[in-house]
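A short worksheet on the structure shown next.
Lettering of chains follows the sequences in order, A, B, ..., and the numbering in each one begins at 1.
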Amino acid sequence: MKLESIVSEAVVQAVKSLYGIDFVLKDVQLQKTKKEFEGDLTVVVFPFVKAARKSPEETAKEIGAYVNEKNAIITKFNVIKGFLNLSIGQAYWVEQLNEIASETNYGSVAASADAPLMMIEYSSPNTNKPLHLGHIRNNLLGYSISRIQAANGWNVVKTNIVNDRGIHICKSMLAWQLFGHGETPETSGLKGDSLVGKYYVAFDKEYKVQIKELMSQGQTEDEAKKNAPLMIATQQMLLDWERGDVATRHLWEMMNNWVYAGFDETYKKLGVDFDKIYYESQTYLVGKQQVEDGLDKGVFHRREDGSVWADLTPDGLDEKLLLRADGTSVYMTQDIGTAKLRYDDFPINKMVYVVGNEQNYHFQVLALLLDKLGFEWGKELVHFSYGMVELPEGKMKSREGTVVDADDLVDEMVQTATETSQELGKLDGYTPEQAKAISTMVGLGALKYFILKVDPKKNMTFNPKESIDFNGNTGPFIQYTHARIKSVLRKAEEQEIRVVPADDSLSLSEKETYLIQLLADYPAIVKEAGDSFSPAVIANYAYDLVKEYNQFYHDFSILREENSELRNFRLLLSENVAKMIKNSMYLLGIDVPERM
RNA sequence: GCCCCCGUAGUUCAAUGGAUAGAACGAAAGUUUCCUAAACUUUAAAUCUGAGUUCGAUUCUCAGCGAGGGUACCA
């Protein structure tokens, strides 16, 4: 049984016996005892003070004395104000360590065949420009949360909806037609997605010129935006695309294929993947059909100009456009169609959308619309809403060229890792392939950890001028600690020291028992990360563990310890710290090296 | 206008309503005949303002100030 449960139960029993009041386990507030006080686990006794009709100190003392006497694993207690600090005997900790050591995947719940299925959508790029830093956060969060939910016993299907059609794609296509002179990735040497992105920017540049011109002729800004020849041509192109015009489709296919090749490279570089990819071009018609069905059912209405709307004012929201006056579909139409296809394809129990918080409203609406259309799972969808990545100057804007390109950033990180390794002489004597593999791991680790350690709900700032650190609370710090432990374990092996279960007659330091306590926390951390959709919980845990271990490593000898039982214990402890580092980094999608 | 988020050391991030608000970077000072110094130790440094609820508020409520996002034919 878990320590927390044992103690909670003991306290409930103590309160009942001492004061005759019934509390439930949930009422017992437990926390790790702060470092500056003696003890392992602290009970907050304020909730019981009223029932006890005594001062907080007295109540704490009485409860402390009771649980100390009745429970063998509680060996000591002390009281400070309303806080009851309990010390847990080390026999318990040693037993815990042996148990942790016996399970390779301690803390993970394997999914059974009939486990519920969670589909997680992430990435969801537009095919008009390359991926940038915002997409990196999305991809890393989506990938990590998939692993975390799998570790919590879910069957997970990772999915991606590629927004491969629509007015934005037509902009790139039109600009390429007008200004491209037949340029291809091969002739330009550019990555396919970058090439297409170049024309998206070119479109915007020319569009702005046209707007300015029309405004100088006396049109308002809104009129000019509507009447600019480029915009009219783009809208025509979208209509041509929707009615299947061969030349338009051909151009579209060609340019999208360039983009896919580019995306594949970036995904591979980031180490993310998908089980099932949907394309908007294949789902939007299903969406349109769903909207038509909604019209028939009377849940939507058509305006005089032909546009279709959902009236959400009874739900406290606005009216929402579902089909434009010209009959073309919008973002929402597509999402409805995609949802329909997904639920036809998979027995989904929970649908998760990893999408930025700028779309909170969109998903509020989507949930309502799906519900109105009769999908019983509509209201159950989870919008895993994460914050924006901002630059010190503010938001990134792809049209203004202030975005941080995903490929460039990864390359820079790996480059910095390579240089740092060389400076420190860490990779001397390694083959170039080995050195490259380690630098890649470390560079990516730094980037991923930097992004994932932040609470996903919060906006975060990234300063491109200051490179991401490799010291302190960073991925490389955690990777380094793993490599360090592995080095010790290799040396132990060379000395033919076999690591066996620990002996409970040892005398352990506080640092050592605290490390075991941290290891034993892992299952609860994995659960919390899953419940709250927060890889940051895992990241912070790993950092705490590693920080604590490095202090231990500094203060104590492992291989040079003369007492062989103690030496064995420390090796076992180290081995399991390494295991937990590796397991927790796995949940973040970060690899850890054997040496660095 | 309306709706939603956010405001913690110089900077980037932590803190289920609980003890003296934790880290990291940066700044200052130290640790290496010793298992990897990408480490360890020490110092200085913060809850936007004002009320309220509470035994107890960074956390909850209200008001103010400041920043960001959304808001009906972009995705």
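- Residue A/K320 is out of contact with every strand shown, counting any heavy-atom pair closer than 4.0 Å.
- For B/A24, the OP1/OP2 oxygens have a side-chain nitrogen or oxygen of A/K547 closer than 4.0 Å.
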For residues 484-494 of chain A, which side-chain donor-acceptor pairs fall under 3.5 Å, sequence neighbours excluded?
| residue | atom | partner | partner atom | Å |
| --- | --- | --- | --- | --- |
| A/R484 | NE | A/Y480 | OH | 3.3 |
| A/R484 | NH1 | A/N550 | OD1 | 2.7 |
| A/R490 | NH1 | A/E594 | O | 3.2 |

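- Under 4.0 angstrom from either OP1 or OP2 of B/C35 there lies no side-chain N or O belonging to A/R490.
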(message) With ring pair (Phe, Tyr, Trp, His ring centres under 6.0 Å) as the criterion, how do A/Y549 and A/F552 come out once you've worked through the C-alpha distance, each side chain's angles and the decisive distance to 0.1 Å?
(response) CA-CA 5 Å; A/Y549 182 81; A/F552 159 78; 5.4 Å; yes
(message) Taking Watson-Crick (N1-N3 plus N6-O4 or O6-N4) and G-U wobble (N1-O2, O6-N3), each under 3.5 Å, can you produce the dot-bracket string of RNA chain B? Use [ ] for crossing pairs and | for inter-strand ones.
(response) ((((.((..((((....[...)))).(((((.......)))))....(((((..]....))))))).))))....
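- A/Q359 comes within 4.0 angstrom of a nucleotide base, judged by non-hydrogen atoms across all strands.
- Side-chain atoms of A/T481 stay outside donor-acceptor range of the base of B/A38, with no qualifying N/O pair under 3.5 Å.
- OP1 and OP2 of B/G18 both lie 4.0 Å or more from every side-chain N or O belonging to A/Q29.
- Within residues 310-319 of chain A, the residues approaching RNA chain B are A/D318, A/E319, by heavy-atom distance under 4.0 Å.
- The nearest heavy atom of RNA chain B to A/F37 and to A/S557 marks one nucleotide each, and the one closer to the 5' end goes with A/F37.
- Between A/H132 and A/H135, the ring-plane angle classifies as tilted under the 30° and 60° cut-offs.
- Comparing A/E36 and A/R484, the nucleotide of RNA chain B nearest to each residue sits closer to the 5' end for A/E36.
- With sequence neighbours excluded, the residues forming a side chain to side chain contact (heavy atoms under 4.5 Å, CB included) with A/T328 are A/L238, A/L239, A/E242, A/R324, A/D326, listed by chain and number.
- In this structure, A/K35 does not pair ionically with A/E510, as no charged nitrogen and carboxylate oxygen lie closer than 4.0 Å.
- A salt bridge does not link A/D222 with A/K226: every distance from a Lys NZ or Arg NE/NH1/NH2 to an Asp or Glu carboxylate oxygen is 4.0 Å or more.
- The ring-ring contact (aromatic ring centres under 6.0 Å, His included) search around A/W241 returns A/W252, A/Y284, not counting sequence neighbours.
- As rounded to the nearest Å, B/U11 and B/C74 have P atoms that lie 40 Å from one another.
- Closest to the side chain of A/N550, from the set B/C40, B/C73, B/G18, is B/C40.
- Side-chain proximity of A/Q31 to the nucleotides B/A75, B/A19, B/C40 is greatest for B/A19.
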Could you run down the sub-3.5 Å N/O contacts of the protein with nucleotides 11-13 of chain B?
| residue | atom | partner | partner atom | Å |
| --- | --- | --- | --- | --- |
| B/C13 | OP1 | A/T461 | N | 2.5 |

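- To the nearest whole angstrom, the two C1' atoms, one in B/U53 and one in B/A46, are 26 Å apart.
- Note on A/A536: nothing from the nucleic acid sits closer than 4.0 angstrom, heavy atoms only.
- For the OP1/OP2 pair of B/A67 and a distance below 4.0 Å, the side-chain nitrogens and oxygens of A/K395 include no atom meeting the criterion.
- Checked against ring-ring contact (aromatic ring centres under 6.0 Å, His included), A/F363 has the following partners two or more places apart in sequence or in another chain: A/Y353, A/H383.
- Remark: the separation of the C1' atoms in B/A57 and B/U8 is 14 Å, to the nearest Å.
- The residue A/E528 sits apart from the nucleic acid: no heavy atom pair falls under 4.0 Å.
- A donor-acceptor distance shorter than 3.5 angstrom exists from the side chain of A/R570 to the backbone of A/S557, with no hydrogens or angles considered.
- Within the structure, every side-chain polar atom (N or O) of A/K81 is placed at least 4.0 Å from both OP1 and OP2 of B/A19.
- Counting only residues at least two apart or in different chains, salt bridge (Lys or Arg N to Asp or Glu O under 4.0 Å) contacts with residues 37-59 of chain A comprise A/E38-A/K76, A/K54-A/E62.
- Under the side chain to side chain contact (heavy atoms under 4.5 Å, CB included) criterion, A/R303 pairs with A/D305, A/S307, A/W309, A/E319, not counting sequence neighbours.
- Residues forming a side chain to side chain contact (heavy atoms under 4.5 Å, CB included) with A/Q422 (at least two apart in sequence, or on another chain): A/T418.
- A distance cut-off of 5.5 Å between ring centres, combined with a plane angle under 30°, places A/F46 in a stacking arrangement with the base of B/G18.
- Counting non-hydrogen atoms of other residues, nucleotides and ligands closer than 6.0 Å to NZ of A/K205 gives a total of 12 or fewer.
- Residue A/N357 places no side-chain atom within donor-acceptor reach of the base of B/C4, judged by atom type and a 3.5 Å distance cut-off alone.
- Within the structure, every side-chain polar atom (N or O) of A/Y331 is placed at least 4.0 Å from both OP1 and OP2 of B/A75.
- Looking at heavy-atom distances under 4.0 Å, A/I558 makes contact with a base.
- Between the side chain of A/K426 and the base of B/U36, a donor-acceptor pair under 3.5 Å is found.
- If you check every strand for non-hydrogen atoms under 4.0 Å, A/T42 touches a base.
- Remark: ring of A/F83 does not overlap the six-membered base ring of B/G18 in a stacked fashion, as centroids less than 5.5 Å apart with planes less than 30° apart are not both met.
- Salt bridge A/E36/A/K34: absent, no basic N to carboxylate O contact under 4.0 Å.
- With hydrogens and angles ignored, the 3.5 Å screen pairs a side-chain donor or acceptor of A/T333 with a backbone N or O of A/V330.
- Between the CG atom of A/N471 and the P atom of B/U36 there is a distance of 19 Å, given to the nearest Å.
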Let me check something: any side-chain donor-acceptor pairs from residues 311-318 of chain A under 3.5 Å, sequence neighbours excluded? List them with distances.
| residue | atom | partner | partner atom | Å |
| --- | --- | --- | --- | --- |
| A/D311 | OD1 | A/T313 | N | 3.0 |
| A/D311 | OD1 | A/T313 | OG1 | 2.5 |
| A/D311 | OD2 | A/T313 | OG1 | 3.3 |
| A/D315 | OD2 | A/K372 | NZ | 3.3 |

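- A/F556 comes within 4.0 angstrom of a base, heavy atoms only.
- Distances shorter than 4.0 Å separate none of the side-chain N or O atoms of A/R595 from OP1 or OP2 on B/A38.
- Comparing the same atom, C1', in B/A27 and in B/A45 gives a spacing of 10 Å after rounding to whole Å.
- Across residues 414-425 of chain A, A/T420, A/S421, A/L424 each have a non-hydrogen atom less than 4.0 Å from an atom of RNA chain B (numbered order).
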